[in-house]
Amino acid sequence: MSDPKIIDGKAFAQDLRARVAGAVKALAEGGLVPGLAVVLVGENPASQVYVRNKAKQTAECFMRSFEHKLPDTTGQAELLALVAKLNADPAVHGILVQLPLPKQIDPQAVIDAIDPAKDVDGFHVINAGKLATGGRGLVPCTPLGCLMLIKSRVGELSGKRAIVLGRSNIVGKPMAQLLLAEDCTVTIAHSKTRDLPAECRRAEIVVAAVGRAEMVRGDWIAPGAVVIDVGINRVPTPDGKTRLVGDVAFAEAYPHAGAITPVPGGVGPMTIAVLLRNTVVAACRSHALAVPGFLD
Ligand code: NDP
């Protein structure tokens, strides 16, 4: 039997993908097939795996998948020209340019060039601004996935004390905005925060996104807190191999937590599922159709 304390992101993501597939089928009956374009520049092995998985899962949800693989030597102008082409293509509802990009390309310039209505990563400044001001934009996938997992365990978020460890534009800041929009009282911690353990111990919801292996110790976790571990860190094992760990020392935190995500199998699988969900949302909005509520 599964452990009720563990938040099973893999199962949740599978369920979300099934809901996405259901929405896609319904849209297809009306003649609209959502399409996701993924652009990969260069040979980064981790990026290649991500892009392969995205394309596979896009097809499994009956959406159109457009893959664009460009060589490492691609210049910024060439990439911007491709983005412009995808912006203008009515069959493409979502555009994702896989990061990191080779050093001759400014990632911000590329993100800024994507039509905000097709920016399914939610990184465009227009979408960041909408999130910050309560507008209806596209929300970054990993934090939205975290919020879905939190909601699956915390009935009423209003008034809850939450802490987000990390303030990056792609995880920490949007995560904090999402929790604030749910009326949580949010603390954003970072590398200059004083007495992080004490800040953490006050929180009923802890989201760790620092990229530091097992930094969050068991005695930082208040009894019953919901712990979401975004970190993906590869650490060496005694037998000379490596294993994945999160930003939370799982075995220590587990007895204190009310619910906790494992690494792997927690937040990780949610990211692509939310990307697919965002693509359906973008497709619906492009045709002025209501977004099915079951995608939230
Ligand atoms: P960044 O490196 O961009 O940001 C890390 C943040 O953590 C910064 O705000 C930094 O503070 C803060 N930080 C670093 N060290 C400490 C410390 N000792 N104490 C307190 N705060 C600290 O990372 P990302 O946000 O991109 O990613 C975070 C983690 O999440 C990584 O492990 C990454 O691999 C993972 N990740 C997982 C995803 C998934 O799909 N599951 C998707 C995206 C990321 P400061 O701003 O002061 O420097």
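Atoms within each ligand, like the ligands themselves, are counted from 1 in listed order.
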Next item on the list: Identify whether the distance between the nearest side-chain nitrogen and carboxylate oxygen of Arg201 and Glu199 falls below 4.0 Å.
Entry: no
Margin query: With heavy-atom distances below 4.0 Å as the criterion, list the atoms of ligand 1 near Val230.
Written below: 30 (O), 35 (C), 36 (N), 37 (C), 41 (N)
Margin query: Against ligand 1, does Val267 come closer than 4.0 Å with any heavy atom?
Written below: yes
Next item on the list: Would you mind listing which atoms of ligand 1 come within a distance below 4.0 Å of any non-hydrogen atom of Ala209?
Entry: 5 (C), 6 (C), 7 (O), 28 (C)
Check: Quick one: nearest non-hydrogen protein atom to atom 39 (C) of ligand 1, plus distance?
Finding: Thr271 OG1, 3.7 Å
Next item on the list: Nearest 0.5 Å please: distance from the CD1 atom of Ile126 over to the CD1 atom of Ile114.
Entry: 13.0 Å
Only pairs under 3.5 Å count here: list side-chain donor-acceptor contacts from residues 164-189, not counting sequence neighbours, and write none if there are none.
residue : atom : partner : partner atom : Å
Ser168  : OG   : Val171  : N            : 3.0
Ser168  : OG   : Gly172  : N            : 3.4
Asn169  : OD1  : Lys173  : NZ           : 2.9
Glu182  : OE2  : Lys151  : NZ           : 3.1

Next item on the list: May I ask you to check whether Gln57 and Asn53 show a side-chain donor-acceptor distance below 3.5 Å?
Entry: no
Next item on the list: Can you figure out which of Arg212, Arg167, His190 has its heavy atom closest to atom 20 (C) of ligand 1?
Entry: His190
Check: Is there a protein heavy atom at a distance of less than 4.0 Å from atom 47 (O) of ligand 1?
Finding: yes
Notebook entry, point to check: Nearest 0.5 Å, what's the CG-CD distance between Asp106 and Gln76?
Noted result: 5.5 Å
Item checked: Residue, atom name and distance, where the atom is the protein heavy atom closest to atom 29 (C) of ligand 1 -> Gly211 N, 3.6 Å
Next item on the list: Using non-hydrogen atoms of the residue, decide whether Thr142 is closer than 4.0 angstrom to ligand 1.
Entry: yes
Next item on the list: Determine whether Val49 and Met270 fall in the same hydrophobic cluster, where Ile, Leu, Val, Met, Phe, Trp and Tyr are linked whenever their side-chain heavy atoms lie under 4.5 Å apart.
Entry: no
Margin query: Heavy atoms only: which of Gly231, Ser168, Gly166, Pro140 lies closest to atom 23 (O) of ligand 1?
Written below: Ser168
Checklist line | salt_bridge(Glu60, Lys56) N-O dist < 4.0 Å | finding: yes
Item checked: Identity and separation of the nearest protein heavy atom to atom 34 (O) of ligand 1 -> Ile232 O, 3.7 Å
Check: Say you draw a straight line from CG of Asp247 to CD of Glu214; how long is it, rounded to the nearest 0.5 Å?
Finding: 9.5 Å
Note to self: If you measure every N or O of Ile170 against every N or O of ligand 1, does any of those distances drop under 3.5 Å?
What the structure shows: no
Margin query: List ligand 1 atoms under 4.0 Å from Leu196, heavy atoms only on the residue side.
Written below: 19 (N), 20 (C)
Margin query: Please give me the minimum heavy-atom distance between Lys118 and Leu86, naming the atom from each residue.
Written below: NZ-O, 2.9 Å
Check: Hey, is Asp89 close enough to Lys85 for a salt bridge, meaning N to O under 4.0 Å?
Finding: no
Check: Which residue supplies the protein heavy atom nearest to atom 11 (O) of ligand 1, what is that atom called, and how far is it?
Finding: Ser191 N, 3.3 Å
Check: Would Ala189 count as a contact of ligand 1 if the rule is a heavy atom under 4.0 Å away?
Finding: no
Check: What are the two closest heavy atoms between Val33 and Phe62, and how far apart are they?
Finding: CG1-O, 3.8 Å
Note to self: Counting non-hydrogen protein atoms only, what is the nearest one to atom 12 (C) of ligand 1? Give residue, atom name and distance.
What the structure shows: Val210 CG1, 3.9 Å
Next item on the list: Please step through side-chain contact (heavy atoms from CB on, under 4.5 Å) for the pair Arg285 and Arg136, ending with a clear verdict.
Entry: CA-CA 11 Å; Arg285 287 182 186 161; Arg136 197 193 64 159; 3.4 Å; yes
Check: For ligand 1, which atoms, with element, lie under 4.0 Å from some heavy atom of Val171?
Finding: 25 (O), 43 (C), 44 (C)
Notebook entry, point to check: Measuring from the heavy atoms of Gly172, does anything fall under 4.0 Å of ligand 1?
Noted result: no
Next item on the list: Could you tell me which atoms of ligand 1, counted from 1 in the order shown, lie closer than 4.0 angstrom to a heavy atom of Gly268?
Entry: 41 (N)
Check: Among all protein non-hydrogen atoms, which one is nearest to atom 18 (N) of ligand 1, and what is the separation to 0.1 Å?
Finding: Met215 SD, 3.5 Å
